[in-house]
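Here's the structure we're looking at; comments come further down.
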Number of protein chains: 2
Amino acid sequence: MTRPANEPLGRPTDAELTARILAATGELLIERGYAGLKIEQIAKRVGCGKTAIYRRWPDKAALTAASVLEHTEVGEEPDTGDVVIDLVLHATQNQTNQARGTAAAAQVEGYSPWRVVFEPEVFPLIWSALFEQRRDQGVHLIERGIERGQLPADTDAELILDTIAGLTLYRQSVKGTVITPDQYRVIAASLVADPPRAGSAARG
Amino acid sequence: MTRPANEPLGRPTDAELTARILAATGELLIERGYAGLKIEQIAKRVGCGKTAIYRRWPDKAALTAASVLEHTEVGEEPDTGDVVIDLVLHATQNQTNQARGTAAAAQVEGYSPWRVVFEPEVFPLIWSALFEQRRDQGVHLIERGIERGQLPADTDAELILDTIAGLTLYRQSVKGTVITPDQYRVIAASLVADPPRAGSAARG
DNA sequence: ACATTACGGTACGTTCCGTTTCGTTTGTGT
DNA sequence: ACACAAACGAAACGGAACGTACCGTAATGT
């Protein structure tokens, strides 16, 4: 048969080994932080050689990004009919995903593990998946609110979303504390009740 | 005279050299980012030896922190009689200081220079000066608003300040864009009009 | 059987940190 | 004027960790 032989020749890459490498990377990332993450130690914990790692990812940054993104799903877009509730669900979902991606566990002194997203080498690799996709979802969510008449047509969606995302980021990465759904609700309600407008030049 | 000879013996440290090292560090930080910042290159640009640097700061992180903090003054606490205006001034001041601390100039691809504050080694060294002091100022500012009756007594000051700080952080570090005073005003007004309460369990 | 690729292990070259050593220069106190 | 102490530039050094190259071995398809 003219089987295109899509699969490459030779011994196939061990998918389970890939999974174990990603898992160990995640663990060590939490335990030691990015700077303290040593490739050789990952290999040691997994019980494989460095070769196996570098065959899969070009460098430490790519491996880290893969490990972080592994636990980062975008999630369903909430649609309850109420913009405020949708925003709260959206924000809570983000926070949960972020937390799951990095767990709590033991930490490096003064280093919230989530701060790994700011590592200059890693950031470009996860920026899109972590922020842009969520932002698009949030924009859509607000547009639906406008259609329902819950928000003015010229609402500055970006500013609302950035405010909520910023709060999450600040609490999670800088202070290492959690935002309760109630706190999200108060902020979202406040923003929706007196929403920023596009152009944002007018005040009263 | 019984001059206590507070000054140590021998050749005194060159204050101007210290200044030039800090300046060069700031420049290179902007040009290459923290990871790309090499001690030897700082020495080369200044025209001194590495010894002169390591005599002044214990390591790269401390030097970086010193360079960032050099341009970061806390500033006067605004007091206009209107909480919203005070908040806007407070926030704008922060943003300006942050921007001045890292300038705009040439940047590393995908690396907002301000993101240096997140470098795990640097963060603990500048955290207090950069965030805590400002936060105390903001709390005081809100307390005055409560006394004036512009805010309820159980206002959750922390949540308001974190929201504003988070927005600044997100825009500046993640997106690399600037927040206009008008945008600050809209957010602040919205937060003050429907403020979060302590405990934050009640909604309406 | 054979070609091909992954695997673990090891040795290696490179970069950069931070330290140490050296001889020299500069300020201070007598 | 003189001696002392500390800063200075230059350079060599040890160590850590990255990422690569090579080995012999194991697994898969033809």
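Residue numbers start from 1 in every chain, and the chains themselves are labelled A, B, ... in the order their sequence lines are given, proteins ahead of strands.
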Close approaches to DNA chain D from residues 16-23 of chain B, in residue order (heavy atom, under 4.0 Å):
Leu17(B)
Would a distance-only check, ignoring hydrogens and angles, find a side-chain to backbone donor-acceptor pair under 3.5 Å from Glu121(B) to Ala61(B)?
no
Residues two or more places apart in sequence or in another chain: which of them pass salt bridge (Lys or Arg N to Asp or Glu O under 4.0 Å) with Glu27(A)?
Arg45(A)
Glu76(B): what forms a side-chain hydrogen bond (donor to acceptor under 3.5 Å, both in side chains) with it, not counting sequence neighbours?
none
Which residue pairs pass the salt bridge (charged side-chain N to carboxylate O under 4.0 Å, His left out) test with at least one member in residues 51-71 of chain A, sequence neighbours excluded?
none
Does anything in residues 151-176 of chain B form a ring-ring contact (aromatic ring centres under 6.0 Å, His included)? List the pairs, not counting sequence neighbours.
Phe131(A)-Tyr170(B)
State which residues pass side-chain hydrogen bond (donor to acceptor under 3.5 Å, both in side chains) with Ser190(A); sequence neighbours excluded, sorted by chain then number.
Ser190(B)
Under 3.5 Å, which protein N or O atoms sit close to an N or O of nucleotides 10-16 of chain D? Give each pair with its distance.
from: dA10(D); atom 1: N6; to: Thr51(B); atom 2: OG1; distance (Å): 3.0

Under the rule for salt bridge (Lys or Arg N to Asp or Glu O under 4.0 Å), what residues qualify as partners of Asp194(A), not counting sequence neighbours?
none
List the residues meeting side-chain hydrogen bond (donor to acceptor under 3.5 Å, both in side chains) with Glu77(A), not counting sequence neighbours, and say none if there are none.
His140(A), Arg144(A)
By side-chain hydrogen bond (donor to acceptor under 3.5 Å, both in side chains), which residues pair with Gln41(A), not counting sequence neighbours?
Arg32(A)
Just the table, please: protein N/O against nucleotides 25-27 of chain D N/O, every pair under 3.5 Å.
from: dA26(D); atom 1: N3; to: Arg11(A); atom 2: NH1; distance (Å): 3.2

Using the side-chain contact (heavy atoms from CB on, under 4.5 Å) criterion, which residues pair with Ala19(B)? Sequence neighbours excluded.
none
